Asker: 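The structure that follows is given in the form of structure tokens.
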Amino acid sequence: PGIMEDPVAGGQDDQAAGRFARMWDELAAIGDGGARGYRRFAWTAVDLELRAWFRAQAEARGMTWERDRNGNEWAWWGTPGPDAVVTGSHLDSVPGGGAFDGPLGVVSAFLAIDLLRERGVVPERPVAVVDFSDEEGARFGVACVGSRLLTGVLAPEDARALRDADGVTLAEAMRAAGADPAALGRDEQALGRIGAFVELHVEQGRALVDLDAPIGVASAIWPHGRWRCTFHGRADHAGTTRLSDRHDPMPPFAATVLAARESARRLGALATFGKVGVDPNGTNAIASRVDAWLDARAPDAATVRALVAEVTRAAEDAAAGHGVRAEVTEESWTPVVEFGTGLRDRLAGVLGGVPALPTGAGHDAGILSAHVPAAMLFVRNPSGVSHSPAEHAEPGDCLAGVRALAAVLADLACR
Ligand code: HGY
Ligand code: MN
Ligand code: MN
Ligand code: MN
């Protein structure tokens, strides 16, 4: 406390700006897809490069590096031990992802520790940076795999069986990447070490822009889940099959997307179909099957459930009208997260009062919050856009985030 000049505003010293830019450019170059954004999927070659970068950052600082049984990467300032103050985020991305979602939290964590060391801060508790494995679930379909396995929310046998678009299981992908899927499972030791977890993340929205604030804290995460909507039709020839004879899964799929949008609007919820598979996906063949993933979110669980019920009924009715069979199955569910006021208010106090805002985006901090004290810091995103190359944060706000995180870590680690 008091070791940081005004942690949220204040000028930007060039040295810190230079250090941020160097670290940022090195990480941003890994798997850089340019205008097409990032495609940093779990246990791929790009992921291994990111994991190597993380380890190099830890070892360059004389920090103890560890990879836990669930593939989460840890860097320890001080001896790994109980009651640790943990910060960090994830390095994987959605397809076409931006540079900040995840990486900003990891880079800021290392730089916040650099700042504290420069100021001669000697923590009385262990401090750790964590890179949670497979947060986006972009390859295997379930988000926050590393933190869900760590906490036991996801059963190891279910995780091992998850398959990617090529049918490769998580277990096979881990083995190919030199990791051992047999070790997956709730990690009492790793979980027992976490005294508090603070995740810094780029804001995925415009609340801080509208409030003209560089930093905010999370008040809650909306309940949300993923449902697989499958439409079973009958393959046939596009040029010789009369309309009345078709069992085409595409029209019911299309009707369901439109119905979902209308239900979401009316219920005050969010419904997204961002991933679709069409089999056999031929221009002159009537599809035999369409798989479409619904991402549904709302401020409360009852609204999400109402939305999914309406979408299911719309899918079944539309399918019946086309001699197609629809089935909707839940693939993942994340209950509402209310970030407890204890740690959250303590952070806001250290930062001299910052806005508290809810988010519809899922985070590892949300998974952990059911098991350990957890909180989130948000950094202003002038574009308001995320999960897109347009995602952005200004250098000045990023440095304010580093200073804010440093102030919070100092407050938590120094009794
Ligand atoms: O989907 C989410 O909300 C997060 O970005 N994984
Ligand atoms: Mn994300
Ligand atoms: Mn994220
Ligand atoms: Mn997150």
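Every number for a ligand or one of its atoms is a count from 1 in the order of the listing. In this text, all values refer to a predicted model and were calculated from it rather than measured experimentally.
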Asker: Under 4.0 Å from a heavy atom of Ala361: give me the atoms of ligand 1 that qualify, with their elements.
Answerer: 3 (O)

Asker: Compare all side-chain heavy atoms of Val153 with those of His371 and state whether any distance is below 4.5 angstrom.
Answerer: yes

Asker: Looking at ligand 1, does any of its N/O atoms fall within less than 3.5 Å of an N/O of Asp295?
Answerer: no

Asker: Identify, by name, the N, O or S atom of Glu136 lying closest to the Mn ion (ligand 2).
Answerer: OE2

Asker: Is a side-chain N or O of His90 found less than 3.5 angstrom from the main chain of Asp92, in a donor-acceptor match?
Answerer: yes

Asker: Kindly say whether Asn72 contributes a backbone atom to a donor-acceptor pair with the side chain of Asn70 at under 3.5 angstrom?
Answerer: no

Asker: Can you name the N, O or S atom of Asp101 that is closest to the Mn ion (ligand 2)?
Answerer: OD2

Asker: Any N/O/S atom, side chain or main chain, of His387 closer to the Mn ion (ligand 2) than 2.8 Å?
Answerer: yes

Asker: Hey, is His387 touching ligand 1 through its side chain, its backbone, both or neither, going by heavy atoms under 4.0 Å?
Answerer: side chain

Asker: Would you call the rings of Phe100 and His392 parallel, tilted or perpendicular if under 30° counts as parallel and over 60° as perpendicular?
Answerer: perpendicular

Asker: Just go through His224, Glu135, Arg297 and tell me whose heavy atom is the nearest to atom 1 (O) of ligand 1.
Answerer: Arg297

Asker: Pull out every atom of ligand 1 sitting under 4.0 Å from any heavy atom of Glu136, numbered as shown with elements.
Answerer: 4 (C), 5 (O), 6 (N)

Asker: What's the NE2-the Mn ion (ligand 3)-NE2 angle here (His201, His90), rounded to 10 degrees?
Answerer: 120°

Asker: State plainly whether the residues Glu188 and Arg186 are in salt-bridge range, i.e. N to O under 4.0 Å.
Answerer: yes

Asker: Pick one of side chain, backbone, both or neither for how His201 approaches ligand 1, counting any non-hydrogen atom pair under 4.0 Å.
Answerer: neither

Asker: Taking Thr151 for its side chain and Leu368 for its backbone only, find out whether a donor-acceptor pair lies under 3.5 Å.
Answerer: no

Asker: Tell me, please, whether Trp24 has Arg19 positioned over its six-membered ring: NZ or CZ under 6.0 Å from the ring centre and within 45 degrees of its axis?
Answerer: no

Asker: Is there at least one pair of N or O atoms, one from Gly362 and one from ligand 1, spaced under 3.5 Å apart?
Answerer: yes

Asker: Between Arg228 (side chain) and Asp291 (backbone), is there a donor-acceptor pair under 3.5 Å?
Answerer: no

Asker: With a cut-off of 2.8 Å, does His363 put an N/O/S atom close enough to the Mn ion (ligand 3)?
Answerer: no

